[in-house]
Structures are given as C-alpha cells and as structure tokens.
Protein chains: 2
Amino acid sequence: MPARAAKAEAKSEAKSAVSGKRKPKTEAQDIDASAHVGLDGLALHVGYAVRRFQLWIFQDFIKTLATVDITPTQYSVLTVISANPGLTQMAVAKRLGIERARLVHLLNALEQRTLVKRAASKVDRRSHALHLTASGEASLRQFKLLAAEHERHVIEKIGKDNRERLLEILAPFR
Amino acid sequence: MPARAAKAEAKSEAKSAVSGKRKPKTEAQDIDASAHVGLDGLALHVGYAVRRFQLWIFQDFIKTLATVDITPTQYSVLTVISANPGLTQMAVAKRLGIERARLVHLLNALEQRTLVKRAASKVDRRSHALHLTASGEASLRQFKLLAAEHERHVIEKIGKDNRERLLEILAPFR
DNA sequence: GTATTATTGTTGCATGCAACAACAATTGAT
DNA sequence: ATCAATTGTTGTTGCATGCAACAATAATAC
C-alpha cells in the first residue's frame with residue numbers, strides 16, 4: 001500500500017511530443033488518456049495490428065457463442081474432427097498447431113460434455129480414433145450457425161471484400 | 001515418421017470430407033498426421049487464419065529480438081512512451097489495450113532494466129509520468145533496427161504488397 | 001525371436017499472460 | 001468536510017505454452 005513517494009521535484013519538464021491542448025480545465029503537462037497518443041513506428045508493424053485485430057475477433061467469437069459456451073479453440077477441434085472422423089490426437093494437434101498435452105485437456109472437457117468420443121483405434125492400439133457423438137454433430141451444426149453470425153460481425157467491421165482479401169493473404173498460414 | 005500397420009481393408013470407408021487417397025502404402029483407417037486433413041468450414045473463418053498468422057509473427061519477432069530479450073508487448077510499451085514522454089500508466093494501458101494490472105509488471109521489469117523511469121507527476125500525485133532513460137532511448141534505437149529486420153521477414157513471407165494491404169485493412173484496430 | 005528405438009497419450013510442473021476483484025492514495029466536485 | 005471517481009498496486013484465478021517424464025504400444029535392428 002505504498003502509494004508513491006512524494007519527493008516531487010522539478011523534473012526535466014517532459015517535452016511531450018503530442019502537441020497543444022490537453023484537458024481544458026487542467027493545464028496538465030502529463031499526457032492523459034484523452035489526449036492524442038501517437039504510436040510512432042508501431043503503426044507500421046503488422047504484428048501490432050494483427051494482435052489488436054485478433055483480440056477483437058476472439059472476443060466477438062466468444063461473445064457470440066457464449067450461449068453455447070464454446071471457445072474458438074474448441075470450435076476448431078470439433079470442426080476438424082467432424083470433417084475427418086477417426087482422426088488421431090496427434091493428427092489434430094499437428095493440424096491445428098496445438099500441443100499434445102494441451103489437447104488432452106481440451107478433449108477431456110469435450111468428452112465430458114459428450115460432444116466427442118475417444119474410440120480405440122483398430123490399427124494402432126496406442127492411439128485414439130476421435131469421433132463426434134451424435135449430439136456432438138447436432139451441436140456442431142448449431143455452433144456453425146453462431147460462428148457464421150460471428151463471421152457476419154467481421155464483415156460489418158472490415159467489409160466484405162476486405163475480409164476476402166484477408167483470407168487470401170493469410171491462406172498460407174491455415 | 002509413423003507409418004503404421006498394414007492390415008489393409010476396405011472398411012466402412014470413413015466418408016471424410018477429404019476425398020480418396022490416404023497414404024499410398026498403408027490403407028489405414030484412422031487418419032494420421034501425414035494424411036491430408038481437411039479444415040472444412042474453418043478455412044472460411046478469418047479468426048482461425050489470423051490466430052495462426054499471429055502465432056507465426058510473434059514467434060518471429062521474439063526470435064529476431066532474442067538477443068536483446070524484448071517481447072512484442074515490451075516493444076510496444078517502449079515505443080509509445082518514447083513517442084509520448086510523460087505518459088501516464090492509464091494512458092499507455094488504454095492506448096495499447098493492456099490492463100492496468102498487467103502494465104504494472106511490465107513496467108517493473110522495464111524499470112529494473114533501467115530502460116524506463118516512473119517519475120512523480122507534477123499535476124496529479126496519484127499518477128506516474130513515464131519516460132525512457134537515456135540508455136532506454138539508446139536501447140530502443142537498437143530494438144527498432146531488429147524490429148525492422150523482423151518486418152522484412154514478414155515481407156519475405158507474405159509479400160510486400162500483401163503486407164501493405166494488411167496494414168490498410170487492419171488500420172481501424174490500431 | 002529378442003533387444004532397441006520411436007511414437008502416442010498422459011501427467012505434472014514451471015512460466016507467463018490475461019481477467020477480476022479488492023484496496024489505498026489521491027483528486028475533483030459538492 | 002464529505003463523497004464519488006480515478007490511479008496505481010496487489011493478489012487471485014484461470015488459461016495457454018513448453019518441457020520433461022512415464023507407460024503402453026509399435027516399428028526396426030539384430
């Protein structure tokens with residue numbers, strides 16, 4: 001609970017880059033949140049823009065699918081299993097770039113909700129063949145409707161053609 | 001290299017979305033990692049592509065700036081402070097979309113490395129006016145060189161004009 | 001066939017980040 | 001003077017990642 005020391009002292013008079021007017025009432029010399037804060041070189045970094053965009057898009061996805069309690073990662077796992085029944089855990093992990101260990105927990109949760117079933121593989125007794133249950137398939141159909149709604153939010157935000165350009169540009173990373 | 005048992009059999013022929021041929025040699029029925037695994041609807045979701053891209057770009061950034069031990073988040077904080085000396089913690093947090101609490105740890109680390117200094121604000125004794133130290137400014141100049149190198153990696157990966165289109169499309173999120 | 005090596009799924013741990021709530025100090029308004 | 005709002009701090013929790021180990025099983029070498 002130390003707040004700060006009060007050794008206030010005439011510092012070197014912050015020569016802030018942002019210009020002129022701050023808050024009208026207080027002639028503050030520190031830059032507060034309502035002031036215009038420049039990004040400098042940051043604005044030229046793809047990584048920064050992508051991070052902000054990804055944050056926004058994940059939040060919207062989670063919000064849009066909140067009623068069914070499905071995260072983007074869970075959705076990707078369900079989709080891939082449904083499209084490729086009998087998939088191995090390793091195969092899912094590699095395809096989606098998820099760690100084996102992490103996938104274990106994800107599948108545990110999905111299996112408890114009886115969306116996914118781990119079946120004994122006929123060809124390799126080490127591995128599990130993954131399938132969606134009947135209710136899993138049914139649920140996924142509903143999830144996809146909501147995911148499509150989320151995708152419409154994306155269109156509203158960046159525009160139809162920008163979205164398509166984005167998909168093209170990022171295709172190598174899928 | 002997995003390669004697995006060879007008890008070929010025309011089983012129920014998993015009617016996977018991916019068509020016909022699996023591995024040439026083994027007619028396995030589970031789908032292993034070397035098989036072609038379809039993404040189904042996932043390929044049409046911007047969020048998925050963005051997540052994969054963001055993963056790649058952050059890894060490259062971290063690797064490229066490994067010698068100076070600076071993460072993307074730290075870099076963004078340093079850049080913004082340098083461009084707007086005297087910024088408040090709240091202002092930085094809001095501008096970069098970082099939580100106040102999270103920023104505390106970030107600044108602690110940066111202050112211990114004597115890159116950043118928390119000075120007492122003259123106008124509001126609750127807040128800190130943030131500045132880079134002299135060595136902080138010098139270090140940042142070096143970081144920017146490395147960050148530019150990282151950005152060249154991005155260009156190599158997606159192409160010069162794609163990168164520029166990306167920056168345009170994602171501009172609203174900066 | 002037996003011994004060795006590799007892979008799969010699992011568990012545990014250590015780290016780091018993000019979201020939340022609680023709190024003290026301070027400020028501005030009434 | 002009082003009171004609500006703001007700022008920075010702390011602590012907690014949950015989640016994701018990475019790493020290292022392990023048992024069971026499979027592939028390969030001998």
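Here the structure is a predicted model, which means the values were calculated and not measured. Just so we're on the same page: letters track the sequence lines, and every chain starts at 1. The figures here come from the full heavy-atom set of this structure, side chains too, leaving out hydrogens, waters and symmetry mates.
For residues 98-108 of chain A, the set of pairs meeting the side chain to side chain donor-acceptor pair (under 3.5 Å) definition, not counting sequence neighbours, comprises A/N108-A/R118.
Between D/dT9 and B/Q89, a contact under 4.0 Å exists linking OP1 or OP2 to a side-chain N or O.
In this structure, B/N162 and B/V154 have side chains that are not in contact, with every pair of non-hydrogen atoms separated by 4.5 Å or more.
Between the NE2 atom of A/H128 and the P atom of D/dT25 there is a distance of 10 Å, given to the nearest Å. Between B/M90 atom CE and D/dT9 atom P there is a gap of 13 Å when expressed in whole angstrom units. Note: CZ (B/R100) to P (C/dA24) measures 15 Å, nearest angstrom. The separation between A/F58 atom CZ and C/dA19 atom P is 13 Å, rounded to whole Å. Distance B/L103 CG to D/dT9 P: 9 Å, rounded to the nearest Å.
Side chains of A/T73 and A/T71: no donor on one and acceptor on the other come within 3.5 Å. Under the 3.5 Å distance criterion, with hydrogens and angles disregarded, no donor-acceptor pair is assigned to the side chains of B/S127 and B/Q89.
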Identify the pairs formed between an N or O of the protein and an N or O of nucleotides 1-3 of chain D at a distance under 3.5 Å, and give each distance.
none

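Linking Ile, Leu, Val, Met, Phe, Trp and Tyr whenever their side-chain heavy atoms come within less than 4.5 Å leaves A/F61 and A/L167 in two separate clusters.
Side-chain N/O atoms of B/R126 and base N/O atoms of D/dG8 include no donor-acceptor pair closer than 3.5 Å.
Candidate nucleotides C/dT10, D/dT9, C/dG9 were compared by shortest atom distance to the side chain of B/R118, and D/dT9 ranks first.
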Going 5' to 3' through nucleotides 13-18 of chain D and flagging B where a protein heavy-atom sits under 4.0 Å of the base, S where only the sugar-phosphate is that close, and - otherwise, we get ---SBB
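The pair B/D60-B/R152 fails the salt-bridge criterion, with no side-chain N (NZ, NE, NH1 or NH2) lying under 4.0 Å from an Asp/Glu carboxylate O.
Within a 6.0 Å sphere centred on NZ of A/K117, other residues, nucleotides and ligands contribute 12 heavy atoms or fewer.
Ring geometry for B/H153 against B/H150 counts as perpendicular: the plane angle is over 60°, on a 0 to 90° scale with 30° as the lower cut.
Among the atoms of the strands shown, only primed sugar atoms or phosphate atoms (P, OP1, OP2) are found under 4.0 Å from some heavy atom of A/R125.
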